[in-house]
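These notes concern the structure reproduced below.
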Amino acid sequence: MKFIDPNYKPSKNDLVAEFRLYPAKNISFSKASENITKESSIGTWTSLSTMSDEIKTMRARVFEINEKENVVKIAYPIELFEINNISQVLSSIAGNIFGMKLIDNLRLQDVNLPDKMIKNFKGPQLGIEGIRGLLEIYKRPLLGTIVKPKLGLSSKEHAEVAYKAWKGGLDLVKCDENLTSQKFNPFKKRIKESLKMRKKVEKETGDKKAYMPNITSPVSEMKKRADFVIENGGRYVMIDILTVGWSGFQEMRDYLEGKNIAIHCHRAGHAAFTRNPKHGISMLTIAKLTRLIGGDQLHIGTANLGKMHGEKDEILEIEREIESEKIEEHKQVLEEDWLGMKKTLAVASGGLHPGLIPKLIERMGKNIICQAGGGCHGHPDGTENGAKAMRQALDAAMKNIKLNEYAKNHEELKKALEKWG
Ligand code: CAP
Ligand code: MG
């Protein structure tokens with residue numbers, strides 16, 4: 001039974017995975033390729049008395065090997081998968097194989113999702129167009145903040161910080177990834193206080209604003225928290241999709257179907273397996289699965305401008321993948337046809353401040369959410385002026401005016417540039 005078949009042409013029903021493979025000492029590249037293919041489809045370490053010719057036809061096949069670049073491409077017949085069960089798909093193509101002794105390192109670089117699979121997932125409920133319609137902002141990047149300090153504020157204090165950020169001109173305010181429902185800031189109290197403030201600032205400014213409460217918790221509790229947000233007029237929930245897990249994320253997307261609620265996806269924990277270029281699962285793969293399941297917004301990085309690791313080119317590839325209709329195959333990226341599935345809006349966050357906004361837009365374009373926590377609440381004159389400075393930096397970028405020039409008659413921006421450059 002051959003698992004390596006260079007003449008095999010993947011069918012449109014195959015799921016194709018591209019791996020970076022680093023065999024262990026004295027293990028040939030083809031032996032390692034063959035064994036990860038076996039282990040991730042129908043085989044194991046030895047031949048089986050229970051194997052049949054019919055089952056052999058379902059085996060995955062290595063159809064491309066580039067040893068110089070440590071690349072191996074594997075085609076998996078769709079029959080191997082429970083077509084709308086993301087946990088099972090990952091238990092196959094991103095399961096045991098990372099731990100096999102005959103490899104030193106392995107990275108799942110990209111996955112081409114077959115049409116049948118894409119048709120079996122909901123994708124984003126609002127998508128980019130829906131979010132822009134919700135906020136009535138169609139051209140410019142959206143501006144957001146994360147209430148800081150990330151933990152410790154009371155519900156009332158949290159809501160007051162949110163009010164100031166919205167009042168200063170930001171569109172979106174979110175909870176931090178580790179703020180859920182602690183004694184100092186219980187979830188229900190925070191939701192009521194913050195949505196009250198959102199209503200107040202919308203009335204005062206005439207602008208649409210949104211609050212993205214973190215509902216991360218066991219699934220049954222997430223459903224209750226989502227219901228509470230909806231009952232109180234909320235338009236978003238935020239989920240830490242990786243600590244919640246794929247099954248929890250998928251369950252919540254199904255649960256929110258038809259409720260017109262946007263899902264903001266935080267990726268806390270991703271770097272445990274995305275940042276090592278030789279081992280783990282790429283953020284590109286995580287981002288594709290997030291769009292497939294139905295995240296409306298996803299943190300993808302700041303194109304190397306902020307505090308988090310993430311090379312510019314990789315981040316731009318990820319942004320292209322979640323915001324495009326179709327992707328042609330090119331270096332390190334497989335082709336993909338999203339079949340009209342709604343697009344996921346890229347979120348740039350982490351170490352950003354007003355001085356970085358023009359460069360961020362230059363690199364990532366306008367179809368982004370630019371989020372700053374410290375870069376807003378760390379402003380010398382407080383949150384509202386920090387928000388004003390972010391908005392001024394955005395306005396300057398949209399008018400193609402240099403920040404230093406614009407700062408001459410925008411005091412809040414001037415102070416931000418003095419503090420952070
Ligand atoms: C940013 C942030 C976000 C990071 C996550 C934080 O705060 O709230 O969680 O952006 O990283 O807690 O660090 P600052 P990523 O604006 O104060 O840095 O977006 O790369 O997933
Ligand atoms: Mg955070």
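Order of listing sets the numbers, starting from 1, for every ligand and every atom in it.
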Query raised in the report: Any donor-acceptor pair under 3.5 Å linking the side chain of H377 with the backbone of I146?
Result: yes
Query raised in the report: Y406 vs H410 aromatic rings, parallel, tilted or perpendicular, using cut-offs 30° and 60°?
Result: parallel
Requested in this report: Would you kindly check if the NZ (Lys) or CZ (Arg) of R198 is within the cone defined by 45 degrees around the ring axis of W166 and under 6.0 Å from the six-membered ring centre?
Outcome: no
Taking only distance into account, with no hydrogens and no angle test, what donor-acceptor pairs under 3.5 Å do side-chain atoms of residues 68-77 form with protein atoms, sequence neighbours excluded?
from: N70; atom 1: ND2; to: L21; atom 2: O; distance (Å): 2.9
from: K73; atom 1: NZ; to: E64; atom 2: OE2; distance (Å): 3.2
from: K73; atom 1: NZ; to: E329; atom 2: OE2; distance (Å): 2.7
from: Y76; atom 1: OH; to: S40; atom 2: OG; distance (Å): 2.7

Query raised in the report: Can you tell me how far OG of S217 sits from CZ of R225, rounded to the nearest 0.5 angstrom?
Result: 4.0 Å
Query raised in the report: Under a 4.0 Å heavy-atom cut-off, what residues line ligand 1?
Result: I146, K148, K150, D176, E177, H266, R267, H299, K307, M308, S349, G350, G351, A372, G373, G374
Query raised in the report: So, the side chain of T285 versus the backbone of I281: is there a donor-acceptor pair under 3.5 Å, distance only?
Result: no
Query raised in the report: Once rounded to 10 degrees, what value does the angle at the Mg ion (ligand 2) take between OD1 (D176) and OE1 (E177)?
Result: 80°
